Amino acid sequence: MINIKENERLNTLNHSCAHLLAQAVKHLYPNAKFWVGPVIEEGFYYDIDLGDEVIREEDFVKIEKEMKKCAKDNKNIVRHELSKEEALNMFQDDPYKMDLISRMDESAMTISCYSQGDFTDLCRGPHVSSTKELKYFKLLKVSGAYWKGDAKNKMLQRIYGVCYDSEEELLEHLRFIEEAKLRDHRKIGKDLDIFMSHDLVGKGMPLWLPNGAFIRKQLENYIYEKERKMGYQHVYTPCVGTVDLYKTSGHWDHYQENMFPSMKVDDEEFVLRPMNCPHHMLVYGNALHSYRDLPIRIGEFATDFRYEASGAVKGLERVRCMCQNDAHLFVRPDQIGEEFKKVVSLILAVYQDFGIENYSFRLSLRDKEDKEKYFDDDKMWDEAEDKLRSVLNELGVEYYEAIGEAAFYGPKLDVEVQPAVGNEVTLSTCQLDFLLPRKFDLSYIDRDGSKQTPVVLHRAIFGTFDRFTAFIIEETKGVFPVWLAPVQVNIIPVNNEYHLEYANKVKEMMEKQDIRVELDDRNEKLGYKMRESQTRKIPYSIILGNQEREQEMISYRRHGKEDTTTVSISEFLEMIHNEIKLKND
Ligand code: TSB
Ligand code: ZN
């Protein structure tokens, strides 16, 4: 879909449409006060304070009608430039605009406002020249948004919309949104009984249902085997730690806003852990190490808790309780390049197995100005950043650089993917760290007998099982590859009376060969059962009737296909085993 924010014409059009929305809302709700109305990738929104009144999606028809009326008025959209004093005067009854103006530096910028008929808004512009240019628009949704994004502030109402130059473009946009909604892992996750949530457990704390748990277990087995073959050693450590542990690591100073508050037990003060690095540092420090032992790769499927804003939590994609596919790799400085390369290769191999093709590598660097988030050691940062850059260049991997996205302990390589709905998210990550090993006073004995500090690579291939599962659900639209599908085969006898016995025999043979199979022996029509098999997105449906029974054959239909193929049971088993093996190698 086109990025509206980055398209000059569409940006202007959507910006003007946000003003049109505000004008219409002001007509219908005279007490409305307006905060900001920016253009975003998918259109625009406006944050509005309506006092005690609430706008619901049902109200959109009425608002859109008013917008059309204002647009038809064919009013010129006129720019006025103001001094700060004039601006303060003009908007003196509007606390939101007063807040904006009072923070404006008159010498650094021109303060301007735009008027169309009876409506004037503080704005930098630019705008279309007349309201009549605003013809093809649609309001899309409304949600709550805290003023300035701070949960301590008042909740405003955010109305989203989009505007185009033609009806076809608008319809295309709306079609895309509808399709994305169908792919949304929250919808599919519910339809296929993958996960649920409950207020009594809490926001951002999904519960994995048997189907989801099965998929997750497959993912765990898959990556565990890959890591084990690469020399990783897996551990189990508690999902809490003392505040002192996180003070030692620096998380307490640099990451506290993402942590749940601490709790006291006897004379200890604990936090739910947001990361596993401190525990793994202690595991490394538990034994003496020689330069010959390195790299030491400590892996864990580790549960973490993070405070995510309530408006940001989303299905399995952004949760407050998550399980990382985590590992910390302790290496000598001369091993950084080699080990980093292995991690990138593993990421690429895993993506290939899952058929993930649309992703981008982001090299996340520090913001040199942000001395609060990032520890102050320019030499160490420069060295670490250069190291990652040079390995990526050497590998010939395409990437872009992002300032201010680094972890507080070091620069990282993040793999970004696009969910069906909403902004890009990070899936895999590999982070270079010279800091934590020092904080925990870790060492190894070098060839010459001297004590040296190891370097750590933090890496998570799936990121978290939560986010990866969300992503895979959307990638596959819920039609999982056979090796991941909780139920691989659904056997449907044409008529229970005549074919059930044979169906049971086929089921038994499949189970003996480790195929996850169900037999639908309900007294329902064949067509009904076939449709349900499709809705449940089971990869193979097997239909057994007279012909199949007499010839000891089976007829199968692949999910989404119309045709049926008849083969012997052994042929089918060979085929399905090959399919499973290919993805699970
Ligand atoms: C890789 N200490 C490192 C670790 O050793 C770490 O915690 N890195 S992280 O903060 O980037 O998190 C690892 C991965 O977890 C991210 O790449 C992302 O894929 C996933 N993740 C982060 N926050 C959430 C969340 N709220 N919900 C689901 N997954 C998340
Ligand atoms: Zn870590």
Side-chain angles (χ1 to χ4, degrees), residues 185-186 195 197 202-206 208 216 219 223 227 232 235 237 239 241 245-246 249-251 254-255 257-260 272-284 297-330 340 343 346-347 350-351 356 359 361-362 364 373 402 405-417 419 422-437 439-440 455-472:
H185 78 278
R186 289 168 293 186
F195 70 98
S197 42
K203 277 203 183 69
M205 307 273 183
W208 293 66
R216 174 159 158 183
L219 295 177
I223 200 74
E227 290 176 353
Y232 286 55
V235 297
T237 61
C239 61
L245 177 67
Y246 285 96
S249 66
H251 287 85
H254 295 279
Y255 203 69
E257 65 190 40
N258 301 85
M259 290 160 70
F260 277 68
L272 294 170
R273 69 175 172 192
M275 290 195 190
N276 320 302
C277 344
H279 295 72
H280 291 183
M281 301 290 141
L282 298 178
V283 170
Y284 176 92
R297 308 173 180 94
I298 297 173
E300 183 171 0
F301 302 152
T303 300
D304 294 319
F305 296 84
R306 290 188 188 174
Y307 172 73
E308 297 278 2
S310 64
V313 292
K314 180 179 170 199
L316 288 178
E317 182 186 302
R318 187 170 296 279
V319 290
R320 285 177 171 172
C321 171
M322 66 198 82
C323 183
Q324 281 198 42
N325 157 224
D326 202 5
H328 294 92
L329 318 175
F330 298 80
F340 184 56
V343 173
L346 177 58
I347 293 174
V350 169
Y351 282 28
I356 305 173
Y359 55 87
F361 281 112
R362 177 180 76 180
S364 302
K373 177 167 178 193
E405 293 290 338
F408 75 84
Y409 43 73
K412 53 184 180 147
L413 177 70
D414 292 319
V415 187
E416 301 288 295
V417 294
N423 297 330
E424 280 201 322
V425 290
T426 303
L427 220 51
S428 314
T429 185
C430 183
Q431 315 171 353
L432 190 50
D433 179 3
F434 292 85
L435 183 72
L436 255 56
K439 296 214 170 208
F440 282 87
V455 179
V456 165
L457 294 173
H458 306 239
R459 48 105 285 176
I461 306 299
F462 284 151
T464 50
F465 290 97
D466 315 79
R467 183 169 288 179
F468 195 79
T469 305
F471 183 69
I472 284 302

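Side chains included, hydrogens not; waters and symmetry mates left out as well; all remaining heavy atoms used. Whatever order the structure lists them in is the order used to number ligands and atoms, beginning at 1. Given the structure is predicted, the values throughout are model-derived calculations rather than measurements.
Here the closest heavy-atom approach between residue D433 and residue Y409 is recorded as OD1-O, 3.5 Å. Heavy-atom minimum distance, E227 versus F301: OE1-CE2, 4.2 Å.
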Side chain to side chain donor-acceptor pair (under 3.5 Å) between E416 and T426, intermediate numbers included | CA-CA 4 Å; E416 301 288 295; T426 303; 2.6 Å; yes
Apply side chain to side chain contact (heavy atoms under 4.5 Å, CB included) to the pair V456 and M281, showing each step before the final yes or no.
-> CA-CA 9 Å; V456 165; M281 301 290 141; 3.9 Å; yes
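Between H254 and F408, the angle of the ring planes stays under 30°, which puts this pair in the parallel group of the 30/60° scheme. Using the six-membered ring where Trp is involved, F471 and F468 have ring planes that are tilted, between 30° and 60° apart.
Between H328 and Y284, a ring centre-to-centre spacing not shorter than 6.0 Å is recorded.
An N or O contact shorter than 3.5 Å is missing between Y255 and ligand 1 by distance. Between E308 and ligand 1, an N or O atom pair is found at a separation short of 3.5 Å. In terms of polar-atom proximity, V319 is counted as a contact of ligand 1, with an N or O under 3.5 Å from an N or O of the ligand. The shortest N or O to N or O distance between T429 and ligand 1 is not under 3.5 Å. Any N or O atom pair closer than 3.5 Å counts here, and T426 shares at least one such pair with ligand 1. Considering both main-chain and side-chain atoms, R318 never comes within under 3.5 Å of ligand 1 through any nitrogen or oxygen pair.
Of all protein heavy atoms, the one lying nearest to atom 14 (C) of ligand 1 is G463 CA, 3.9 Å. Given atom 29 (N) of ligand 1, the protein heavy atom at minimum distance is T464 OG1, 2.8 Å.
Within the structure, the closest approach of Y409 to ligand 1 falls below 4.0 Å when heavy atoms are considered. For H280, the closest heavy-atom approach to ligand 1 does not fall below 4.0 Å.
The one candidate from R318, R467, R320 that meets the salt bridge (charged side-chain N to carboxylate O under 4.0 Å, His left out) condition with E308 is R318.
Taking each of L427, L329, N325 in turn, the one with a heavy atom nearest to atom 17 (O) of ligand 1 proves to be L427. Closest to atom 12 (O) of ligand 1 by heavy atom, among R306, M322, M275, is R306. Summarising the contacts of atom 4 (C) of ligand 1 with D414, L436, V417, D326, the nearest heavy atom is found in D326. Taking all heavy atoms of R459, Q431, E416, H458 into account, the minimum distance to atom 9 (S) of ligand 1 is reached by Q431.
Only side-chain heavy atoms of Q324 come within less than 4.0 Å of ligand 1; its backbone N, CA, C and O stay farther off.
Rounding to the nearest 0.5 angstrom, the gap separating the NZ atom in K412 from the OG1 atom in T429 is 4.5 Å. Remark: D304 CG to E300 CD distance equals 8.5 Å, nearest 0.5 Å.
H458 contributes atom ND1 as its closest N/O/S atom to the Zn ion (ligand 2). The atom of H328 that is an N, O or S and sits closest to the Zn ion (ligand 2) is NE2.
Side-chain atoms of S428 and Y351 include a donor-acceptor pair closer than 3.5 Å.
Proximity to E317 (heavy-atom distance under 4.0 Å) selects the following atoms of ligand 1: 27 (N), 28 (C), 29 (N). The ligand atoms of ligand 1 that sit less than 4.0 angstrom from a heavy atom of C277 are 2 (N). Close approach of ligand 1 to H328 is summarised as follows: ligand atoms under 4.0 Å from at least one heavy atom of the residue are 5 (O).
Put simply, the side chain of R306 never gets that close to the backbone of N258: no donor and acceptor are under 3.5 Å apart. In this structure a side-chain-to-backbone donor-acceptor pair under 3.5 Å is missing from H251 to M275.
Among the backbone and side-chain atoms of H280, none of the N, O or S atoms lies under 2.8 Å from the Zn ion (ligand 2).
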